[in-house]
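In what follows, a single structure is set out as structure tokens and then discussed.
Per chain, numbering begins at 1; letters A, B, ... match sequence-line order. Computed from a predicted model, the values in this text were never measured in an experiment.
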Amino acid sequence: MLNLILKDILIQKKALVFAFLYSIFMFFIFSQPSLNLFIYSMGAVAISYMLIMTAMQADYKNDTITILSSLPVKRSEIVTSKYLSMFVFIALSFLVLVIVGLIIMVSPLPFSVRYPKFYDLVITFFCVGILISVYLPVYFKTGGRYAQVVFIFFFMLMFFGPSTLFGYITKSQEHPLSKTLLLYTSENLLVVYLIAILITLIILAVSFVISLRIYLNKDL
Amino acid sequence: MANILEVNNLSKKFKGFNLNNISFSVPYGYIMGFIGPNGAGKTTTIKLIMNLLNKDGGEIRVFGRDHQEFEKEIKQKIGFVYEECYYYEDLSVTEMKRIIAPFYRDWDEPVFQRYQKRFGLPAGKKIKELSRGMKTKFSLAVALSHHADLIILDEPTSGLDPVFRDELLEILRELMQDETKGVLFSTHITPDLDKIADYICFIEKGNIVFSDVKDEILNKYNIIKGSRDLLTEENRRLFISIRESEFGFQALCGDTAPIKSQLGDRVIVEKAGLDDIMLYTIRGKQDHA
């Protein structure tokens, strides 16, 4: 199992280099005060998405899934490893952002960079978790082709969705629902985080069961 | 005699192709040649053995154990070479090896290094830069470096030059010095099997035509050559299939006694090779269809 996860990282050295360059770009774009809130989460989401996509598509590109499934691994392990590697990708992308963030802080570059916070991780986990939950069953069913469509859709949604939503809520602060929501959120931040994590975990669990069912019966 | 591989009544249905209750077995210490034309069901059978396809019915036992129940343990001891190369194209030979090696409990790095040297595999070259033959050599080096007991080869020689084909046969021969091993060697290049196979399993259109000891098969079949005017409606039935040209006829037959008694010295009797047996059998079926 560990070998399968490790493999997903080993096959994408190039993507990691790209991730570093990309995060510099992200810090540049998100250095404006209004976007600064989302620099770590959106950066990590974008990089995680990229790493996930590279890892998954590589297995189907040359039908490497045939070799993997011929190695001494169970099919259930192949499925499980894909879900677990999500956590590794989130950790990796966060690491890249934090390193680049720190470098920018000590450098004379004129961006304002803040330290990462817990909610960055929650947003990233939520966004990546939901993507994986939809992406992986489609990926195991169709072999990567249609999964790419899901991917692009989610990329757009997750990238622009949260900041648009946040902007909308902030703008319509006078609306009673927004008021309640903002008030509740500001007073019970931890509860909101926990709810978000819990929802993501439940969706992930359902998705995992579906993927397992699909892949165990699949003809490669 | 214990079997390293046993396939019983295996069936699989696809759109337009069925594998119909096939059975065969490979005893420990022997090489089985798995022959048949393209699309006969060789790769399907191998994919079923490797659990890449789900069977519809039947049983597959490797090392005496069910291939699905003990999949992980069994695959530790299977070395496989497929016709196509399915490795990550952008990785180098060494990087790809580094990914595969940890999956095998008994990975033997010195053995891999030895094969890498013997095959002239360039360690730093990317998989996509390797020729087809080189890719097969890489697969073979991987298959032979984890002390596998059952080697499954699916058309490995089709992309290889005659020199390496010969070397592959030599390696298999060396391997078979150890009687705890077995080989399933699927190919349509039958001369390779003439040299090394102990058993031959012939599959056609999803059915097993025969599965037997090679020498017995070779003893059983003969090629008869003679002038066309010797053929009559009656004696045509004695042949499995007949190929006619303006110069005469050639035909495959089993027992030669009835033919000799009818045609005597007017025909030439030769031993049939695996190629002849395969070609004439398929033709015969088409003619009778």
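- A:R75 places a side-chain N or O within donor-acceptor distance of the main-chain N or O of B:L52, the cut-off being under 3.5 Å.
- Residue-environment remark: CZ (B:R118) exceeds the threshold of 12 foreign heavy atoms within 6.0 Å.
- Neither the backbone nor the side chain of B:E84 comes within less than 4.5 Å of any heavy atom in chain A.
- With A:D219 contributing its side chain and B:L53 its backbone, the two residues share no donor-acceptor pair below 3.5 Å.
- The CG atom of A:L71 sits 9.5 Å away from atom CD of B:Q76, with the distance rounded to the nearest 0.5 Å.
- A salt bridge links B:K72 with A:E77: the distance from a Lys NZ or Arg NE/NH1/NH2 to an Asp or Glu carboxylate oxygen falls below 4.0 Å.
- For chain A, the nearby part of B:K12 is the side chain; its heavy atoms alone come within less than 4.5 Å.
- Only the backbone of A:L216 comes within contact range of chain B, judged by heavy atoms closer than 4.5 Å.
- Remark: B:K47 NZ to A:L220 CG distance equals 7.0 Å, nearest 0.5 Å.
- Within a 6.0 Å radius of CZ in A:F18, no more than 12 heavy atoms belonging to other residues, nucleotides or ligands are found.
- Heavy-atom contacts from other residues, nucleotides or ligands closer than 6.0 Å to CD of B:E179 number 12 or fewer.
- For the atom pair A:I67 CD1 and B:I100 CD1, the distance stands at 6.0 Å (nearest 0.5 Å).
- Side chain of B:K75 to backbone of A:K74: no donor-acceptor contact under 3.5 angstrom is found.
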Residues A:S70, B:Y86; criterion side chain to side chain donor-acceptor pair (under 3.5 Å); working and verdict: CA-CA 11 Å; A:S70 301; B:Y86 297 120; over 6 Å; no
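- With a 6.0 Å radius and a threshold of 12 heavy atoms from other residues, nucleotides or ligands, A:F25 has its CZ atom at or below the threshold.
- Within the 4.5 angstrom heavy-atom criterion, only side-chain atoms of B:F80, from C-beta onward, approach chain A.
- Of the two parts of B:E71, only the side chain, counted from C-beta on, holds a non-hydrogen atom closer than 4.5 Å to a non-hydrogen atom of chain A.
- The OH atom of B:Y88 sits 4.5 Å away from the CD1 atom of A:I11 when rounded to the nearest 0.5 Å.
- Annotation: side chain of B:F103 is in contact with side chain of A:V73 (closest heavy-atom distance under 4.5 Å).
- Shown here is A:R213, whose CZ atom has no more than 12 heavy atoms of other residues, nucleotides or ligands within 6.0 Å.
- Only the side chain of B:D90 comes within less than 4.5 Å of a heavy atom in chain A; its backbone stays farther off.
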